[in-house]
**Student:** 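Have a look at this one.
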Amino acid sequence: MVMVMFLPSQLSGSDSRLNDSHKSSKSDEKHKHKEHKHKEHKSKERDKDREKSKHSSSSSKNHSNSEYKESSEKRHKEKLKHRDGSSDKHRHKNKEKRKEEKEKLHSSSSGVGDKIKKENGFTSPPRIKQEVDDEYLPSVKVENKPTKRARIDDDVDFKPKKPKIEDEKRTKKRKAEEVTKSKKGKMKGQADGAGKKKKKKEEEDKWKWWEEERYTDGVKWKFLEHKGPVFAPPYIPLPDKVKFYYDGKHIKLSPQAEEVATFFGKMLDHEYTTKDIFRKNFFKDWRKEMKPEEKSTIVDLNKCDFEEMNQHFKDQSEARKQMSKEEKLKLKEENEKLLQEYGFCIMDNHKERIANFRIEPPGLFRGRGNHPKMGMLKRRIRPEDIIINCSKDSKVPVPPHGHKWKTIRHDNKVTWLVSWTENIQGSIKYIMLNPSSRIKGEKDWQKYETARRLKKCVDKIRAQYREDWKSKEMKVRQRAVALYFIDKLALRAGNEKEEGETADTVGCCSLRVEHIKLHTELDGQEYMVEFDFLGKDSIRYYNKVPVEKRVFKNLQLFMENKQPEDDLFDRLNTSILNKHLQELMDGLTAKVFRTYNASITLQQQLKELTNPDENVAAKILSYNRANRAVAILCNHQRAPPKTFEKSMQNLQTKIDAKKDQIGMARRELKGAKADHKVKKDEKTRKSVESKKKALQRVEEQLMKLEVQATDREENKQIALGTSKLNYLDPRISIAWCKKWDIQTEKIYNKTQREKFAWAIDMADEDYEF
DNA sequence: TTACGCACTTAGCAACCTCTGG
DNA sequence: CCAGAGGTTGCTAAGTGCGTAA
């Protein structure tokens with residue numbers, strides 16, 4: 001069967017922008033448990049050559065013109081280093097510790113600088129959203145009329161209206177308290193006959209916020225009303241038959257101590273509970289909850305036996321699964337009721353879905369990676385911890401009986417409805433709106449518009465940072481090299497983090513000397529940099545990339561006389577970098593590069609990979625491959641699904657079966673043909689026809705299965721969701737769908753379509769990012 | 001000039017739900 | 001009709017980046 005590893009990223013280009021790290025492990029720990037197949041990717045020479053000639057100016061091929069001036073660079077070295085000898089960062093507290101700890105993280109993987117070409121310099125005309133209103137409804141002021149809330153009643157006759165042209169700059173002001181009822185005229189491409197009425201009605205209910213003006217000056221809303229949060233259910237003590245043993249002896253725990261014990265008991269099967277830090281933190285916090293007697297008896301976690309609790313919870317979840325249909329339905333209905341009551345709010349005349357209306361229940365903190373606080377007790381949140389945010393003229397949510405809120409605020413410069421301070425890191429948690437809401441959607445849209453503005457000046461910025469590699473000032477050089485990484489490799493900015501408070505992870509600006517290795521020559525390429533570090537969520541980033549000689553020399557310079565645990569960019573931090581970016585373009589920050597490069601890559605890859613002659617399944621495979629190219633670029637990994645091998649096998653079995661079927665169908669067709677040849681009658685002719693059709697059908701089915709297998713195999717360790725949701729301008733995907741006449745549903749599921757409703761509505765087939 | 005608080009986006013995991021095919 | 005694969009959703013941790021106070 002065909003199981004070609006053939007990622008779009010292998011397709012070439014002179015600018016190697018994608019990384020390889022998906023082939024390596026997520027973190028040291030996980031690494032131990034995983035086996036990795038290092039598939040060598042074969043690159044496709046044809047495209048490579050094409051690309052090379054097209055983009056000869058970008059990155060990796062510039063060795064020759066950076067050759068000159070080596071000597072003068074050397075001359076500068078000394079000067080450079082102490083030139084702005086001001087602030088060295090102080091990051092020495094835990095250096096020693098780190099030194100000891102940094103042992104593993106090793107294992108290599110094949111590092112082919114996967115290549116992808118970058119599309120440069122294309123500019124599309126700005127769209128300017130303006131207030132156009134044929135049908136201008138008298139604005140409804142609803143603010144203090146909770147009665148009005150539930151229905152958004154866009155009950156207007158409709159009128160075509162579309163000249164909306166957006167404008168990235170928020171030059172326009174929204175008439176705050178006015179809601180212009182926009183009624184769409186076109187039911188774009190929706191000529192379906194049956195069920196039209198229903199659909200029409202539904203659509204009319206959808207509010208098109210993107211056709212309205214936006215607020216300026218930081219105001220996020222004028223009216224906000226909600227019911228407050230839903231608290232975690234109270235603790236239900238264990239039945240007496242579920243016993244806890246200490247040192248073999250049964251102990252009846254006090255409710256407080258018991259609750260915390262159950263948190264641990266529930267997790268017994270989880271790897272967490274075997275980790276020293278987790279156990280230590282848990283035990284320490286647990287003891288705080290104990291009564292004095294308990295405290296004096298229970299002194300060693302190793303002597304604690306939570307088995308019965310563990311079994312109890314397993315039984316419970318089993319029982320839940322075994323519930324009857326009716327019981328399940330009842331539960332579902334109750335949930336739905338809760339959702340209806342607490343899951344929505346009214347913001348400026350519109351009912352909007354809340355993302356997380358439930359307060360996080362107490363439990364043991366599960367940090368990711370090697371987190372120093374894992375296992376600590378995450379305490380129960382009470383109404384007294386809760387800050388409510390809503391408008392003055394709204395019905396303020398009522399706290400649970402006998403309780404009161406910590407504070408009630410009326411701050412319309414923020415988007416959250418509820419907040420509280422969490423006890424592990426002391427950070428603030430929020431209840432906010434769903435991604436489908438106006439307030440999130442606008443921001444998302446704006447994000448892509450900023451990225452599109454970057455597209456217009458990215459060439460200039462690239463030229464600039466390349467120039468800066470030669471700067472006399474160390475700080476400027478570091479900034480330029482860091483920016484180059486951020487641009488080329490889509491690294492995150494890398495804010496500093498407090499030592500010992502979180503897992504030791506880094507981004508670009510916080511890279512340390514130990515995270516890169518320089519190879520003058522490696523895998524047959526010159527000036528290679530080998531990256532190996534843990535990034536966000538302790539996901540490992542492993543990549544080998546060829547860089548320009550000048551970058552390479554600069555890195556050598558930055559690393560000179562430093563310890564492995566010293567900062568690579570010791571004169572740089574995200575704030576310096578972003579300040580600089582701000583000067584280059586309004587609204588530009590490091591993360592815009594990730595958005596930009598992700599989106600432009602998708603657009604470019606779609607162009608390149610989509611074959612007009614192929615069928616829908618194949619086109620979707622191409623889409624997924626384009627998406628995958630981005631996921632690889634952004635290093636969005638996932639643990640291979642536990643059932644991966646098995647499910648792959650199942651598929652293979654199916655494929656084999658299909659092949660047999662085809663063989664059979666072929667033979668039957670042959671037989672029928674022979675029959676027809678002899679008899680030459682109508683009956684046999686028909687038989688031939690139908691056999692032909694049958695064969696075609698199975699062949700098509702086989703194709704589909706094979707495509708599916710390829711897709712799945714390629715996707716083993718790559719998560720597409722994150723980039724799809726956060727980095728890819730949805731209008732690119734929608735345009736692609738429209739262009740090739742593919743249903744949006746094939747690309748976006750329901751939730752995604754809700755989130756991207758704005759894009760689905762406004763992008764047409766020739767949208768250019 | 002750095003440290004910190006705050007708001008908001010981005011992230012992977014796992015529980016849950018749904019659809020498929022035996 | 002049922003099991004289980006696989007998709008979907010919920011959850012909440014972990015980032016970015018801005019503004020302000022020390």
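Lettering of chains follows the sequences in order, A, B, ..., and the numbering in each one begins at 1.
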**Student:** Reading nucleotides 17-22 of chain B from the 5' end, what letters show protein touch, with B for base, S for backbone sugar-phosphate only, - for no heavy atom under 4.0 Å?
**Tutor:** ------
**Student:** Can you tell me how far C1' of B/dT10 sits from CD1 of A/I539, to the nearest Å?
**Tutor:** 13 Å
**Student:** Please identify each residue that fulfils ring-ring contact (aromatic ring centres under 6.0 Å, His included) with A/Y748, with sequence neighbours left out.
**Tutor:** A/F756
**Student:** Is a salt bridge present between A/E259 and A/R380, judged by a nitrogen-to-oxygen distance below 4.0 Å?
**Tutor:** yes
**Student:** Contact class for A/P435 (heavy atom, under 4.0 Å): base, sugar-phosphate, or nothing?
**Tutor:** nothing
**Student:** Among residues at least two apart in sequence or on other chains, which ones pass side chain to side chain donor-acceptor pair (under 3.5 Å) with A/T262?
**Tutor:** none
**Student:** Starting at atom CD of A/Q652, determine the distance to atom P of C/dA5, rounded to an integer number of angstrom.
**Tutor:** 17 Å
**Student:** When you check the phosphate oxygens OP1 and OP2 of B/dG12, does a side-chain N or O of A/T722 lie under 4.0 Å from one of them?
**Tutor:** yes
**Student:** Using a 4.0 Å heavy-atom cut-off, write out nucleotides 14-22 of chain C from 5' to 3' as B (base contacted by protein), S (sugar-phosphate only) or - (no contact).
**Tutor:** BSBBS----
**Student:** Shorter than 3.5 Å, N or O on both sides, protein versus nucleotides 6-8 of chain C: list them out with atom names.
**Tutor:**
| unit_1 | atom_1 | unit_2 | atom_2 | d |
| --- | --- | --- | --- | --- |
| C/dG6 | OP1 | A/R712 | NH1 | 2.6 |
| C/dG6 | OP1 | A/R712 | NH2 | 2.9 |
| C/dG6 | OP2 | A/S647 | OG | 3.0 |

**Student:** Tell me, please, which residues at least two apart from A/H270 pass ring-ring contact (aromatic ring centres under 6.0 Å, His included).
**Tutor:** A/Y272
**Student:** Any base atoms under 4.0 Å from A/K378, or only sugar-phosphate, or nothing? Heavy atoms, all strands.
**Tutor:** sugar-phosphate
**Student:** Ignoring backbone atoms, test whether A/K440 places a side-chain nitrogen or oxygen under 4.0 Å from the OP1 or OP2 oxygen of B/dT9.
**Tutor:** yes
**Student:** A/Y727 side chain N/O closer than 4.0 Å to the phosphate oxygens (OP1, OP2) of B/dA11?
**Tutor:** yes
**Student:** Between A/A719 and A/K443, which is nearer to the 5' end of DNA chain B once each is assigned its nearest nucleotide?
**Tutor:** A/K443
**Student:** Closest approach to the side chain of A/H270, judged atom by atom: which nucleotide of B/dA14, B/dG12, B/dC8 is it?
**Tutor:** B/dA14
**Student:** What residues, two or more places apart in sequence or in another chain, satisfy ring-ring contact (aromatic ring centres under 6.0 Å, His included) together with A/F264?
**Tutor:** A/F282, A/F306
**Student:** Would you please name every residue forming a side chain to side chain contact (heavy atoms under 4.5 Å, CB included) with A/K373, sequence neighbours left out?
**Tutor:** A/F365, A/H371, A/M376, A/I424, A/Q425, A/E501
**Student:** Could you check which of B/dC16, B/dT9, C/dT12 has an atom nearest any side-chain atom of A/M432?
**Tutor:** B/dT9
**Student:** For A/W416, enumerate each residue passing the ring-ring contact (aromatic ring centres under 6.0 Å, His included) test, keeping only those at least two apart in sequence or located in another chain.
**Tutor:** A/Y430
**Student:** Quickly work out the A/Y430 OH to B/dA7 P distance and round it to whole Å.
**Tutor:** 4 Å
**Student:** Could you check whether A/R214 makes a cation-pi contact with A/W445, meaning its NZ or CZ is under 6.0 Å from the centre of the six-membered ring and within 45° of the ring axis?
**Tutor:** yes
**Student:** Between A/R409 and A/R320, just flag the one whose closest nucleotide in DNA chain B comes earlier from the 5' side.
**Tutor:** A/R409
**Student:** From B/dG12, C/dC11, B/dC8, pick the nucleotide closest to the side chain of A/V414?
**Tutor:** B/dC8
**Student:** Would you call A/R731 and A/E449 a salt bridge, using N to O less than 4.0 angstrom?
**Tutor:** yes
**Student:** For A/L433 and B/dT9, give me the distance from atom CG to atom P, rounded to whole Å.
**Tutor:** 10 Å
**Student:** Using whole Å, report how far CZ of A/R358 lies from C1' of C/dC11.
**Tutor:** 11 Å
**Student:** Calculate the interatomic distance between A/L534 atom CG and B/dG12 atom P; express it in whole Å.
**Tutor:** 13 Å
**Student:** Measure from CE on A/M267 to C1' on C/dT12 and round the result to the nearest Å.
**Tutor:** 13 Å
**Student:** Tell me if the NZ atom of A/K746 is crowded by more than 12 foreign heavy atoms within 6.0 Å.
**Tutor:** no
**Student:** According to side chain to side chain donor-acceptor pair (under 3.5 Å), who are the partners of A/E326, at least two apart in sequence or on a separate chain?
**Tutor:** A/S324
**Student:** Once you round it to whole Å, what is the distance between P of C/dT12 and OH of A/Y272?
**Tutor:** 13 Å
**Student:** My understanding is that only residues two or more places apart in sequence, or in another chain, count here; which of them pass side chain to side chain donor-acceptor pair (under 3.5 Å) with A/R479?
**Tutor:** A/H580
**Student:** Would you classify A/K220 as touching base, sugar-phosphate or nothing, given that sugar-phosphate means primed atoms plus P, OP1 and OP2, and contacts are heavy atoms under 4.0 Å?
**Tutor:** sugar-phosphate
**Student:** A/R353 side chain N/O closer than 4.0 Å to the phosphate oxygens (OP1, OP2) of C/dG10?
**Tutor:** yes
**Student:** Tell me whether the OP1 or OP2 atom of B/dT10 has a side-chain N or O from A/K447 closer than 4.0 Å.
**Tutor:** yes
**Student:** Give every residue pair that meets the salt bridge (Lys or Arg N to Asp or Glu O under 4.0 Å) criterion with at least one member in residues 421-430 of chain A, sequence neighbours excluded.
**Tutor:** A/E360-A/K429
